[in-house]
Amino acid sequence: METYDPQAIETRWQKLWEDENAFHTPNAGPDAGNAYYVLEMLPYPSGTLHVGQVRNYTQGDVLTHFHRRHGKRVMRPMGFDSFGLNAENAAIRDGGHPRDIIRDNIKKIRVQMKRMGWAIDWDREVASHEPGYYRWTQWLFLQFLKAGQATRKEAPVKWCPKDQTVLANEQVIDGRCERCGTLVEAKMLEQWFFRYTTYADELLDEMELLESWPERVLAMQRNWIGRSEGAELLFRVDELDIDIPVFTTRADTVFGATFFVLAPEHPLVPKLVEGTAEESSVLDYVRRTAARSFAEREEKEKDGVFTGRHATNPANGEAIPIWVADYVLMEYGSGAIMAVPGHDERDYEFATKYDLPIPQVIAPVDGSEPELPYVAKSDEAKLVNSGQFSDLPAPEGEKQIVAWLGGQGRGQSAVSYRLRDWLLSRQRYWGCPIPVVHCPSCGIVPVPEDELPVLLPDIEDYAPRGKSPLESAEDWIRVPCPQCGAEARREADTMDTFVDSSWYFLRYCDPHNDTAPFERAAIDEWCPVDQYIGGIEHAVMHLLYARYFIKVLNDLGFVGFREPFSRLFNHGWVDMGGAKMSKSKGNVVSPDEIVSTYGADALRLNILFIGPADARVDWQATGLEGMSRFLRRLWRVALDVADQPAGEPSGELARKANETIVKVTDDIGRRFAYNTAIAAVMELVNEIAHDPSAPGARFAVETAVSLIQPAAPHVAEELWERLGHRRLWEEPWPTADAALLQRETFVLVVQVNGKVRDRLEVPADLPDEELVARAKESPKVQAHLNGGEIRQTIVVPRKLVNLVTA
RNA sequence: GCCGAAGUGGCGGAACUGGUAGACGCGCCGGACUCAAAAUCCGGUGGGGGCAACCUCGUGUGGGUUCGAGUCCCACCUUCGGCACCA
């Protein structure tokens with residue numbers, strides 16, 4: 001018998017699919033129906049693929065085939081997130097140009113992807129570094145600018161000293177740069193931002209529109225947005241005739257506010273201390289704080305300095321000292337707080353250190369004496385020492401105090417968010433140029449849309465220096481102002497690559513359009529994405545940015561939906577040697593040798609079979625042997641039955657095959673349980689292999705081949721052909737025959753007092769009483785009944801009988 | 001500290017809605033084929049007891065609900081992930 005030769009088979013079918021453009025799904029208009037959009041997160045083309053990434057795309061591939069064979073017109077595109085620091089740093093390190101590095105990497109990865117046999121529509125390929133793509137990234141930026149969603153402002157920002165660029169908050173993990181792990185520093189800089197805080201409520205509330213997202217992703221996004229309800233109160237500084245707002249969630253404690261604290265970066269600090277005895281010590285403190293990294297600032301003991309100024313507590317009119325302290329953050333709330341040491345742990349710590357008064361204004365209702373700080377805020381706590389509000393429960397007290405202060409124009413309800421605006425500019429070379437011009441007289445002027453793209457110039461030296469390398473591209477940066485014609489300069493910063501990836505899934509719908517980023521009709525046909533697949537690492541970052549982008553585009557009328565990804569599946573990553581497999585950790589396993597040895601089908605099966613699709617798994621090369629063995633067994637039984645007459649479904653094997661259809665369909669279509677789907681097909685094949693000449697064997701083999709096709713498409717296609725058919729990838733998915741699923745008998749489990757004592761094969765249609773009678777007849781059961789009285793009988797139809805004596 | 005997920009054989013895991021715990025695979029043990037090996041095939045494989053039929057214990061720990069709990073409830077332990085000076 002001819003042996004299974006994965007290399008020959010895989011090469012043959014891959015060539016045929018490519019020649020036929022088999023997985024291209026052309027646009028058919030928004031009314032064509034049956035559209036289904038399967039999307040995996042845009043890969044970053046660093047080096048070559050490893051088996052961790054193979055997991056992601058193989059899962060998407062199974063779904064692609066599955067839905068195609070259910071009659072859907074499936075779009076399954078691929079592209080590359082090809083701007084970014086990785087290629088740029090590689091180029092600086094090894095010489096060469098990032099463009100060349102990226103081009104080579106993409107080429108290699110494309111070859112690898114084709115060798116895996118993934119059903120990708122290559123006609124839709126995009127790469128974010130190509131002018132044909134980033135022209136539209138720039139165009140979208142201009143729409144955001146027009147709409148007031150892109151803005152330039154000075155703000156406290158995070159700076160990575162190694163990468164020499166600012167970072168968005170989402171790109172700082174534990175105070176370190178998400179890319180390189182360097183401790184980030186605080187800087188006050190003027191930068192470009194997307195005002196996504198204006199969409200904070202929509203980003204929260206419209207989670208309800210999502211059909212199926214993992215709860216943990218939603219939790220992480222909620223956490224990240226960090227909405228908190230409270231009040232804004234105004235504290236007066238009489239000496240300077242100004243009011244300073246604070247945000248608080250504890251307006252009920254305002255009578256206990258005994259000092260006031262400003263963040264060191266607060267813009268009023270210099271004004272407050274100007275010309276006072278404290279001026280130099282305060283400014284010195286501000287400078288020292290600025291020099292610290294965020295992590296350092298967080299770890300050190302709280303400290304601060306008195307400004308010499310006082311504010312008036314709006315509740316009781318007392319003058320309270322104003323301090324500057326680094327435990328108050330400029331980027332949250334208003335950068336100033338009322339300090340209530342009796343009822344806040346941080347304020348308590350600070351007051352203790354500097355010997356400030358710590359009055360109690362909240363007490364337990366039960367009259368007990370709490371230890372301070374007492375932070376309870378519930379109906380179990382009531383106000384004390386709070387004037388006319390004393391004795392009110394804390395939540396009610398809060399309401400009344402806010403209303404009372406509101407009546408004097410000194411307070412109102414307010415909401416604050418942890419979320420900050422998305423800082424999008426980067427002081428680096430390899431990214432999308434921001435299409436604006438700085439004119440000395442007109443200010444910021446957008447580049448006219450018909451002049452896009454602003455091409456990224458070729459420059460010799462793009463090493464990071466803390467300002468954009470494009471600053472030194474003199475020919476490029478000097479440009480007449482589009483408005484007044486005066487000599488002006490281009491914006492030299494480039495965009496965060498997350499801007500590129502916030503709209504790529506729209507471009508896939510209309511990838512060759514050179515008059516617009518996309519036609520509305522193409523978007524309406526395919527979007528939102530039906531099934532998105534990617535790693536959890538983008539829970540906040542890409543997924544939040546893309547949601548924001550779509551909301552803005554929807555408000556501007558460019559798309560007709562609010563949420564880009566209806567269903568999200570987070571595949572688990574692959575560990576190797578105890579750590580997540582990744583290029584940067586140097587623990588990657590390449591698919592190339594595996595494909596050469598075992599074939600792509602065996603690798604695909606192994607990565608699907610290794611564990612639940614959403615769980616982290618350890619890479620196990622030993623499984624490849626098992627998968628290979630399974631494929632050889634399938635191959636053998638298929639050739640065995642190939643000369644049997646056409647596959648009539650009959651006998652026990654046909655029934656088993658039909659059960660397998662039900663199981664696999666549910667496992668893939670509803671549960672994303674590819675591992676158990678494969679196990680079910682293995683079971684079927686094992687059963688056939690026990691007696692390949694049994695009735696229904698050929699039908700069972702054809703079913704097994706058909707069901708394994710989404711996971712192992714090459715061998716399935718080859719065997720399908722050898723079984724006398726053609727083009728399995730276009731064949732409708734098998735449906736189970738209800739009549740064949742009927743069993744004539746079943747195994748009745750008999751329990752005595754809940755313990756299994758016997759198993760009886762009984763006719764399927766026996767009535768309950770008869771089942772009980774048979775159960776009682778069993779000698780094994782009688783031995784355990786031991787003549788005792790049966791007090792209760794439980795019958796689960798077609799499953800079990802439980803006889804209870806106790 | 002807060003939020004989320006998870007703890008099942010030697011290993012990866014299965015058991016979906018409370019109803020046969022350990023499917024499927026790896027590994028291991030025994031056997032067939034072979035001069036031998038590989039490949040392949042057959043059988044076995046949670047612990048303890050028994051010649052055996054069987055018995056008994058067993059899903060992180062301790063309780064509970066139930067005829068029946070890996071699954072539900074309460075408390076706890078451990079691991080992983082997220083957030084954390086956010087006022």
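Letters A, B, ... are given to chains in the order of the sequence lines, protein chains preceding strands, and every chain is numbered from 1.
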Exercise for the section: Check ring-ring contact (aromatic ring centres under 6.0 Å, His included) between A/Phe672 and all other residues, then give those that pass, not counting sequence neighbours. Expected result: A/Phe569

Practice task
Can you label the angle between the A/Phe235 ring and the A/Phe260 ring as parallel, tilted or perpendicular, going by 30° and 60°?
Solution key: tilted

Exercise for the section: Output yes when A/Asp618 and A/Arg616 qualify as a salt bridge under the 4.0 Å nitrogen-oxygen rule, no when they do not. Expected result: yes

Fill in the blank from the handout: Testing B/G25, B/U56, B/C57 for proximity to the side chain of A/Arg757, the answer is B/U56

Practice task
Please state whether the base of B/C83 and the side chain of A/Asn223 form at least one donor-acceptor pair under 3.5 Å?
Solution key: no

Problem - Over 12 non-hydrogen atoms of neighbours within 6.0 angstrom of NZ in A/Lys585 - result: yes

Practice task
Mind running ring pair (Phe, Tyr, Trp, His ring centres under 6.0 Å) on A/Phe259 and A/Tyr354 for me, showing each step along the way?
Solution key: CA-CA 11 Å; A/Phe259 57 103; A/Tyr354 293 105; 8.9 Å; no

Problem - Nearest-Å distance once atom P is located in both B/U71 and B/U20 - result: 13 Å

Exercise for the section: Go through the side-chain N and O atoms of A/Arg774 and A/Ser778 and say whether any donor and acceptor fall under 3.5 Å apart. Expected result: no

Handout entry: Sugar-phosphate, base or nothing in reach of A/Val756, heavy atoms under 4.0 Å
Key = sugar-phosphate

Practice task
Look only at the side chain of A/Thr253 and the backbone of A/Val340, and say whether a donor-acceptor pair between them is shorter than 3.5 Å.
Solution key: no

Practice task
For B/G46 versus B/U8, give the span between their C1' atoms, rounded off to a whole number of Å.
Solution key: 10 Å

Practice task
Examine distances only and state if a side-chain atom of A/Thr660 and a backbone atom of A/Leu684 form a donor-acceptor pair shorter than 3.5 Å.
Solution key: no

Exercise for the section: Using distance alone, with no hydrogens and no angle criterion, decide if A/Asp326 and A/Thr289 have a side-chain donor and acceptor under 3.5 Å apart. Expected result: no

Exercise for the section: Tell me which nucleotide among B/A87, B/C83, B/G19 gets nearest to the side chain of A/Trp224. Expected result: B/C83

Practice task
Starting at the 5' end of RNA chain B, write a dot or bracket for each base, bracketing those in Watson-Crick or G-U wobble pairs whose two distances are under 3.5 Å and using | for partners on another strand.
Solution key: (((((((..(((......[....)))((((((.......))))))((((....))))..(((((..]....))))))))))))....

Problem - Closest nucleotide among B/A23, B/G19, B/A87 to the A/Ile337 side chain - result: B/A87

Problem - Touch class at under 4.0 angstrom, heavy-atom based, for A/Thr793 against every strand present - result: nothing

Exercise for the section: Looking at every strand, decide which applies to A/Glu683 at a 4.0 Å heavy-atom threshold: base, sugar-phosphate, or nothing. Expected result: sugar-phosphate

Exercise for the section: Anything under 30° is parallel, anything over 60° is perpendicular, the rest tilted; go ahead and classify A/Trp422 against A/Tyr545. Expected result: parallel

Exercise for the section: Run the salt-bridge test on A/Asp303 and A/Lys353 with the 4.0 Å N-O cut-off and return the result as yes or no. Expected result: no

Taking only N/O atoms, report every protein-nucleotides 40-43 of chain B pair under 3.5 Å with atom names and distance.
residue: B/U40; atom: OP1; partner: A/Arg632; partner atom: NH2; Å: 2.7
residue: B/U40; atom: O3'; partner: A/Arg636; partner atom: NH2; Å: 3.3
residue: B/C41; atom: OP1; partner: A/Arg633; partner atom: NE; Å: 3.2
residue: B/C41; atom: OP1; partner: A/Arg636; partner atom: NH2; Å: 3.4

Exercise for the section: Determine the Euclidean distance between corresponding P atoms of B/C33 and B/U45; express it in Å to zero decimal places. Expected result: 23 Å

Handout entry: Selection from B/C11, B/C24, B/C55 that lies nearest to any side-chain heavy atom of A/Gln620
Key = B/C11

Handout entry: RNA chain B contacts among residues 663-678 of chain A, heavy-atom distance under 4.0 Å
Key = A/Lys663, A/Asp666, A/Arg670, A/Arg671, A/Asn675, A/Thr676

Exercise for the section: Tell me which nucleotide among B/A84, B/C55, B/A87 gets nearest to the side chain of A/Thr249. Expected result: B/A87

Problem - Below 4.0 Å: OP1/OP2 of B/U17 and any side-chain N or O of A/Lys799 - result: no

Practice task
Looking at every strand, decide which applies to A/Val617 at a 4.0 Å heavy-atom threshold: base, sugar-phosphate, or nothing.
Solution key: nothing

Problem - Given A/Lys656, A/Lys663, A/Arg655, the one that forms side-chain hydrogen bond (donor to acceptor under 3.5 Å, both in side chains) with A/Glu659 - result: A/Arg655

Fill in the blank from the handout: Per atom distances to the A/Met220 side chain, the nearest of B/G19, B/G25, B/G82 is B/G82

Handout entry: Side-chain N or O of A/Arg418 closer than 4.0 Å to phosphate OP1/OP2 of B/A84
Key = yes

Practice task
Pick base, sugar-phosphate or nothing for A/Glu349, based on heavy-atom distances below 4.0 Å to the nucleic acid.
Solution key: nothing

Completion exercise
Separation of B/G4 atom P from A/Trp213 atom CH2, nearest Å, is 19 Å

Problem - Heavy-atom side-chain proximity of A/Arg222 to A/Leu204 below 4.5 angstrom - result: yes

N/O contacts under 3.5 Å, protein versus nucleotides 45-54 of chain B?
residue: B/C54; atom: OP1; partner: A/Lys780; partner atom: NZ; Å: 3.4

Handout entry: A/Arg418 and A/Asn223 side chains, donor-acceptor separation under 3.5 Å
Key = no

Practice task
Check every strand shown and say whether A/Arg798 touches a base, only sugar-phosphate, or nothing at a heavy-atom separation below 4.0 Å.
Solution key: nothing

Practice task
Give a yes or no on whether the backbone of A/Val781 and the side-chain of A/Asp758 come within a donor-acceptor separation of less than 3.5 Å.
Solution key: no

Exercise for the section: Spell out, as yes or no, whether a donor-acceptor pair under 3.5 Å connects the side chain of A/Asn169 to the backbone of A/Leu419. Expected result: no

Practice task
Measure from the side-chain N and O atoms of A/His343 to the backbone N and O of A/Ile362, and report whether any donor-acceptor pair falls under 3.5 Å.
Solution key: yes

Short heteroatom pairs, N/O only, protein and nucleotides 5-10 of chain B, under 3.5 Å:
none

Problem - Pair A/Lys158 + A/Glu170: basic N to acidic O under 4.0 Å - result: no

Practice task
Look at all strands and tell whether A/Gly626 reaches a base, only sugar-phosphate, or nothing, counting heavy atoms closer than 4.0 Å.
Solution key: sugar-phosphate

Exercise for the section: Using the P atom on both, measure B/A69 against B/C16 and round to a whole Å. Expected result: 16 Å

